[in-house]
Enquirer: 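So that we are looking at the same thing, I have put the structure below in structure tokens.
Both backbone and side-chain heavy atoms feed into the values below; hydrogens, waters and symmetry mates do not. Please read all numbers here as calculations on a predicted model, not as lab measurements.
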Amino acid sequence: MSVLFLLFSGVPAGLGQSAEAGDEAGSSTSEATSDGVSAPTPPGPVPTPTFAEQMAEAMDAGDEAADLVIRDALAAGHERASGLIFAFRADEPAGVREEVVRYGERNGISNEVLIEAMLDLLGSSSDSMTPRLLAAIGRATGQARSRSVVRRILDFAKTDARASAQARIRAAVFEALEYQTGRFDIGRDMDAWEAWWSEVEWVPESAWQMHLTDAHASHARAAEGRASHLADRVEALYARLHARMDENERSALMVELLRDDLPRARAFGFQLAFRALLNAKPLKDEVLEAAEERLTDGVPALRAQAARLLEKRRRPGLDERVARLLLEEEEPDVAAAMMRVTAHQPHARALPAVRRWLGTDGAVYDASVDALLAMHRESMVKSPEILSEVRTILESRLDDRPTPAGLRLLGRLGEMDRLLPFLTSEDGPLAVAAGEAVMGYEEALPRLLGACEGRPALWESTVRASMSFRPTADGYLMCRDLPSPASVDRESLLASYGALLSAEDLLRVAMAESDAPFRLQLLSRIAEPGFVMEDSGSDRTELVAALIGTYKELQRPESVLSLLDRLPEPVQRQMDTERVYCLLWLNRMADAVAITEAHGVSASTWIEAWEKFSAADHGEAIRAEIQLRFESELTDEQRAILGI
């Protein structure tokens with residue numbers, strides 16, 4: 001660690017680029033869930049848009065949105081990263097290659113396969129694109145920064161005439177080599193680079209790593225102007241070493257960094273912690289404890305980092321401690337991060353600070369609204385005077401800075417009329433928030449139904465409102481036909497809707513459902529004890545018949561028999577033909593004979609079963625039993641069917 005700390009000590013005390021990257025990682029995680037609403041976890045995999053679809057939409061929105069999609073794809077699993085690489089190679093959607101290269105120039109890429117794809121394009125890329133490709137390749141980090149990359153750059157320099165003929169490309173080659181190796185001292189002499197390469201190309205990996213470390217350290221001491229950038233490279237190297245440690249060693253390293261005297265080292269500790277979270281690695285208690293100590297750090301950006309890291313971590317006393325610190329915090333960015341903690345872990349003590357920041361602007365205003373919404377949900381804001389003050393402020397900001405949390409809070413405060421126009425807002429999150437805010441008002445249901453036609457994201461709010469105020473077959477069928485986003489679990493919500501319907505309406509919607517597995521979900525409550533009573537009406541009996549038919553369609557005769565055993569005796573008698581049919585299906589001949597003799601089941605049921613299962617191993621046994629038992633009463637048509 002001595003080299004790391006030596007380099008850090010030569011860097012200005014402010015946060016460097018890597019700390020900002022960690023900051024962004026924490027922020028993006030917060031913003032993705034800042035509205036405080038948690039959707040029900042689907043029982044199975046949820047279809048998601050392809051990378052190409054996400055990227056096309058993000059490119060229309062601008063560089064920041066495109067960067068977020070690229071960053072998320074690189075941080076996600078193999079499937080999403082492969083989608084990015086495929087899109088880059090094919091440049092589909094058009095322009096994605098330009099976006100990825102731009103991202104690589106600014107952020108550095110650690111994905112080896114993507115860097116290989118960039119290297120593969122060097123020889124065929126345009127004169128204007130080649131320097132940018134080299135810049136992105138040169139700034140590769142982690143595993144992607146290897147000797148094979150250096151070798152490919154040198155091969156390009158030797159084989160592509162542009163590397164010597166065009167000054168811009170030649171300069172980009174040297175810059176890529178410098179950034180990859182840290183050897184800024186070799187200069188712009190290709191012979192010198194070749195000579196150096198001949199010395200290090202085949203050294204052991206440990207020696208190569210030592211070469212890299214020494215080169216970076218030497219440059220940091222020699223040129224303070226480049227020290228910050230070189231420190232980033234050293235951080236990347238230590239991050240690579242960190243990746244080879246076991247979990248206990250990683251935690252110890254993070255704790256050591258978070259408690260270091262140097263702000264840059266503490267920032268690097270946060271970067272490693274956020275990276276662990278992005279990789280779905282849990283943080284040990286000692287890391288969280290060290291991060292909590294940084295809530296009072298003298299560097300405001302590090303206080304904010306600590307709050308972001310702890311945002312969703314429920315630790316004893318954290319809610320009260322953050323609330324107390326909020327009362328004294330003067331930095332807007334830090335206060336915003338702390339109020340995100342309060343939004344997840346509300347504490348009444350924070351109310352004065354939240355009200356103070358509610359009168360400001362920017363991200364801290366947004367965070368104060370999130371915190372107020374969480375506190376109101378927990379009944380921590382009861383004063384009529386305070387509620388009136390909050391309502392006035394939120395309404396005054398509807399024109400210039402409406403937020404999803406603000407709309408939801410206004411909905412809780414009874415301001416439905418002001419929220420209805422947002423159902424058709426061009427801002428998707430605002431429209432969804434408005435839908436959630438007004439779904440508890442019956443008079444808003446027609447507006448929700450109309451808005452959902454053009455905005456599928458409102459489907460869940462529309463269905464829940466309809467469930468509350470229109471629990472009928474007509475309401476169900478209307479919601480079923482509305483468009484919905486791919487991410488929503490349609491079947492679970494519609495099944496819950498079906499559970500509210502009367503027997504008559506449930507029968508109607510079930511008969512309108514062609515998908516047997518989903519129809520079974522709708523009809524599942526019929527099998528619950530007590531649904532069909534002794535004095536059951538025809539609708540309920542028909543529902544039982546519909547459920548039996550669905551079981552049969554799904555090839556589940558055992559489920560039919562289990563259902564029949566739970567029915568009242570009078571209803572069971574109405575279903576004797578179904579019981580016999582399923583008993584014959586399962587080759588339970590003796591049981592089928594017993595029911596037939598006890599309750600006078602006709603030959604037609606047996607013949608129907610024989611026609612269905614004649615090819616089964618026991619098909620001939622069914623036929624023989626029919627001939628033996630019903631010989632005298634068979635019609636000519638039935639004899640012809642049986643071939644007797």
Enquirer: Answer yes or no: is there a side-chain heavy-atom contact under 4.5 Å between Pro346 and Asp319?
Expert: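 The answer is no, as the side chains (C-beta and beyond) never meet within the 4.5 Å cut-off.
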Enquirer: Test of understanding: with ring pair (Phe, Tyr, Trp, His ring centres under 6.0 Å), list the residues that count as partners of Phe613, not counting sequence neighbours.
Expert: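 For Phe613 the ring pair (Phe, Tyr, Trp, His ring centres under 6.0 Å) partners, ignoring immediate neighbours, are Tyr581, Trp585.
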Enquirer: Please, which pairs that meet ring-ring contact (aromatic ring centres under 6.0 Å, His included) have at least one residue in residues 401-423, sequence neighbours excluded?
Expert: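 Qualifying pairs, neighbours excluded: none.
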Enquirer: Show me the donor-acceptor pairs within less than 3.5 Å that the side chains of residues 634-644 make with the rest of the protein, sequence neighbours left out.
Expert:
unit_1: Thr635; atom_1: OG1; unit_2: Gln638; atom_2: N; d: 3.1
unit_1: Gln638; atom_1: OE1; unit_2: Thr635; atom_2: N; d: 3.1
unit_1: Arg639; atom_1: NH1; unit_2: Glu631; atom_2: OE2; d: 3.0
unit_1: Arg639; atom_1: NH2; unit_2: Glu631; atom_2: O; d: 2.6
unit_1: Arg639; atom_1: NH2; unit_2: Glu631; atom_2: OE2; d: 3.3

Enquirer: Tell me which donor-acceptor pairs under 3.5 Å the side chains of residues 410-421 have, and how far apart each pair is, sequence neighbours excluded?
Expert:
unit_1: Arg412; atom_1: NE; unit_2: His376; atom_2: ND1; d: 2.9
unit_1: Glu415; atom_1: OE2; unit_2: Arg391; atom_2: NE; d: 3.2

Enquirer: Kindly state each residue pair satisfying side chain to side chain donor-acceptor pair (under 3.5 Å) with at least one member in residues 516-526, sequence neighbours excluded.
Expert: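 Residue pairs with at least one partner in residues 516-526: Arg519-Thr550, Arg519-Glu553.
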Enquirer: Looking at side-chain heavy atoms only, is the closest gap between Val432 and Pro404 below 4.5 Å?
Expert: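 Answer no - side chains too far apart.
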Enquirer: Looking at residues at least two apart in the chain, or sitting in another chain, which of them share a ring pair (Phe, Tyr, Trp, His ring centres under 6.0 Å) with Tyr476?
Expert: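 Only Tyr497 meet the ring pair (Phe, Tyr, Trp, His ring centres under 6.0 Å) criterion with Tyr476.
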Enquirer: Considering non-hydrogen atoms only, spot the tightest contact between Gly435 and Leu448 and give its length.
Expert: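 Taking every non-hydrogen atom into account, CA-CD2, 3.9 Å.
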Enquirer: Roughly how far, to the nearest 0.5 Å, is CD of Glu320 from CZ of Arg349?
Expert: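 Output value for this atom pair is 5.0 Å.
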Enquirer: Can you find a heavy atom in the side chain of Leu394 that is under 4.5 Å from one in the side chain of Leu372?
Expert: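 They are not in contact (no side-chain heavy atoms under 4.5 Å apart), so the answer is no.
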Enquirer: For Met478 and Ser466, run side chain to side chain contact (heavy atoms under 4.5 Å, CB included): C-alpha distance rounded to whole Å, both residues' side-chain angles, the deciding distance at 0.1 Å, then the answer.
Expert: CA-CA 9 Å; Met478 183 175 294; Ser466 189; over 6 Å; no
Enquirer: Can you list every pair that meets ring-ring contact (aromatic ring centres under 6.0 Å, His included) and has a residue in residues 506-528, with sequence neighbours left out?
Expert: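 Pairs touching residues 506-528 that pass the test: none.
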Enquirer: Side-chain contact, heavy-atom cut-off 4.5 Å: Leu351 with Ile386?
Expert: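 Yes, at least one pair of side-chain atoms sits under 4.5 Å.
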Enquirer: Report yes if the side chains of Ile548 and Leu564 come closer than 4.5 Å at any heavy-atom pair, otherwise no.
Expert: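 Yes, their side chains come closer than 4.5 Å.
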Enquirer: Out of curiosity, Phe51 CZ to Ile70 CD1, how far, rounded to the nearest 0.5 Å?
Expert: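 Reported value, rounded in 0.5 Å steps: 6.0 Å.
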Enquirer: Hey, is the main chain of Ser388 close enough, under 3.5 Å, to the side chain of Thr392 for a donor-acceptor pair?
Expert: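 Between the backbone of Ser388 and the side chain of Thr392 there is a qualifying donor-acceptor contact (under 3.5 Å).
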Enquirer: For the residue pair Ala307 and Val341, what are the closest heavy atoms and their distance?
Expert: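 The pair with the smallest heavy-atom distance is O-CG2, 3.4 Å.
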Enquirer: Roughly how far apart are Leu84 CG and Met55 CE, rounded to 0.5 Å?
Expert: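 Rounded to the nearest 0.5 Å, the CG-CE separation comes to 7.5 Å.
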Enquirer: Quick check: closest heavy atoms across Arg490 and Leu482, and the distance to 0.1 Å?
Expert: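 So the minimum-distance heavy-atom pair works out to NH1-O, 3.2 Å.
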Enquirer: Check step by step if side chain to side chain contact (heavy atoms under 4.5 Å, CB included) holds for Ile622 and Asn587.
Expert: CA-CA 9 Å; Ile622 297 176; Asn587 195 18; over 6 Å; no
Enquirer: For the pair Arg408 and Glu436, find out whether any cationic side-chain nitrogen is under 4.0 Å from an anionic carboxylate oxygen.
Expert: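 Yes.
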Enquirer: More than 12 heavy atoms of other residues, nucleotides or ligands under 6.0 Å from CD of Glu57: is that the case?
Expert: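 Count not over threshold, so no.
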Enquirer: Do Glu578 and Lys552 meet the salt-bridge criterion of a basic N to acidic O distance under 4.0 Å?
Expert: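 Glu578 and Lys552: salt-bridged.
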Enquirer: To the nearest 0.5 Å, how far apart are CE in Met511 and CD in Glu542?
Expert: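 Answer rounded to 0.5 Å: 9.0 Å.
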Enquirer: Hey, could you give me the CD/OG1 distance between Glu608 and Thr577, rounded to the nearest 0.5 Å?
Expert: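 Separation between the atoms: 8.0 Å.
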Enquirer: Is Met380 atom CE crowded by more than 12 heavy atoms from other residues, nucleotides or ligands, each under 6.0 Å away?
Expert: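 Count over threshold, so yes.
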Enquirer: What pairs of residues pass the side chain to side chain donor-acceptor pair (under 3.5 Å) test when at least one of them lies in residues 504-515, not counting sequence neighbours?
Expert: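 For residues 504-515, and leaving out neighbouring residues, the side chain to side chain donor-acceptor pair (under 3.5 Å) pairs sorted by first residue read Asp474-Arg508.
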Enquirer: So Met575 and Leu563, do their side chains get closer than 4.5 Å, heavy atoms only?
Expert: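 When only atoms from C-beta onward are counted, Met575 and Leu563 do not touch, as no gap falls below 4.5 Å.
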Enquirer: Mark yes or no for whether Ser251, through its side chain, and Glu247, through its backbone, hold a donor-acceptor pair below 3.5 Å.
Expert: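 Checked: pair present.
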Enquirer: Would you please name every residue forming a side chain to side chain donor-acceptor pair (under 3.5 Å) with Glu426, sequence neighbours left out?
Expert: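 Glu426 satisfies side chain to side chain donor-acceptor pair (under 3.5 Å) with no residue once adjacent residues are dropped.
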Enquirer: Is any NZ, NE, NH1 or NH2 atom of the basic residue among Arg579 and Asp591 found under 4.0 Å from an Asp or Glu carboxylate oxygen of the other?
Expert: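 Salt bridge absent between Arg579 and Asp591.
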Enquirer: Of all the heavy-atom pairs spanning Thr342 and Ala371, show the shortest one and how long it is.
Expert: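 It is CG2-CB, 4.1 Å.
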Enquirer: If you define the side chain from C-beta out and look only at heavy atoms, does anything of Arg250 sit under 4.5 Å from Asp246?
Expert: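 Side chain of Arg250 against side chain of Asp246, heavy atoms only: no contact under 4.5 Å found.
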Enquirer: Locate the shortest heavy-atom distance separating Ala431 from Ser425; write the atom from each residue and the value.
Expert: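 Scanning both residues completely, I find the closest heavy atoms to be CB-O, 4.2 Å.
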Enquirer: Salt bridge (Lys or Arg N to Asp or Glu O under 4.0 Å), that's the test. Do Arg401 and Asp366 meet it? Break it down for me.
Expert: CA-CA 9 Å; Arg401 197 177 183 87; Asp366 298 344; 2.8 Å; yes
Enquirer: Can you list every pair that meets salt bridge (charged side-chain N to carboxylate O under 4.0 Å, His left out) and has a residue in residues 276-287, with sequence neighbours left out?
Expert: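 For residues 276-287, and leaving out neighbouring residues, there are no salt bridge (charged side-chain N to carboxylate O under 4.0 Å, His left out) pairs at all.
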Enquirer: Under a 3.5 Å distance rule, please check whether Arg480 uses its side chain to pair with a backbone N or O of Val509 as donor and acceptor.
Expert: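 Not at all, since once roles are kept as given, no pair shorter than 3.5 Å links the two residues.
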Enquirer: Is there a side chain to side chain contact (heavy atoms under 4.5 Å, CB included) between Leu523 and Ile526 once you walk through the steps?
Expert: CA-CA 6 Å; Leu523 296 172; Ile526 297 169; 3.4 Å; yes
Enquirer: Would you tabulate the side-chain donor-acceptor contacts of residues 592-607 under 3.5 Å, counting partners in other chains and residues two or more places apart, or write 'none'?
Expert:
unit_1: Thr596; atom_1: OG1; unit_2: Ala592; atom_2: O; d: 2.8
unit_1: Thr596; atom_1: OG1; unit_2: Trp606; atom_2: NE1; d: 3.0
unit_1: Glu597; atom_1: OE2; unit_2: Arg629; atom_2: NH1; d: 2.9
unit_1: Glu597; atom_1: OE2; unit_2: Arg629; atom_2: NH2; d: 3.2
unit_1: Ser602; atom_1: OG; unit_2: Ser604; atom_2: OG; d: 2.8

Enquirer: Could you grab the distance from atom CG of Leu445 to atom CG of Leu449, nearest 0.5 Å is fine?
Expert: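 That separation rounds to 4.5 Å.
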Enquirer: Can Arg315 and Glu289 be said to form a side chain to side chain contact (heavy atoms under 4.5 Å, CB included), step by step?
Expert: CA-CA 9 Å; Arg315 294 177 53 77; Glu289 181 179 345; 3.9 Å; yes
Enquirer: Minimum heavy-atom separation for Thr424 to Ala451, with atom names?
Expert: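 Reported closest heavy-atom pair: CG2-CB, 4.4 Å.
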Enquirer: Using the side chain to side chain donor-acceptor pair (under 3.5 Å) rule, collect all pairs that involve residues 447-458, keeping only residues at least two apart or in two chains.
Expert: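 Non-adjacent pairs meeting side chain to side chain donor-acceptor pair (under 3.5 Å): zero.
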Enquirer: Between Arg321 and Glu292, does at least one N-O distance fall below 4.0 Å, as a salt bridge requires?
Expert: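 Result for this pair is yes, salt bridge flagged.
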Enquirer: Within the 4.5 Å heavy-atom criterion, are Met59 and Val69 side-chain neighbours or not?
Expert: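 No - every pair of side-chain heavy atoms lies 4.5 Å or more apart.
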Enquirer: Should the pair Arg308-Glu311 be classified as a salt bridge under the 4.0 Å nitrogen-to-oxygen rule?
Expert: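 Glu311 and Arg308: not salt-bridged.
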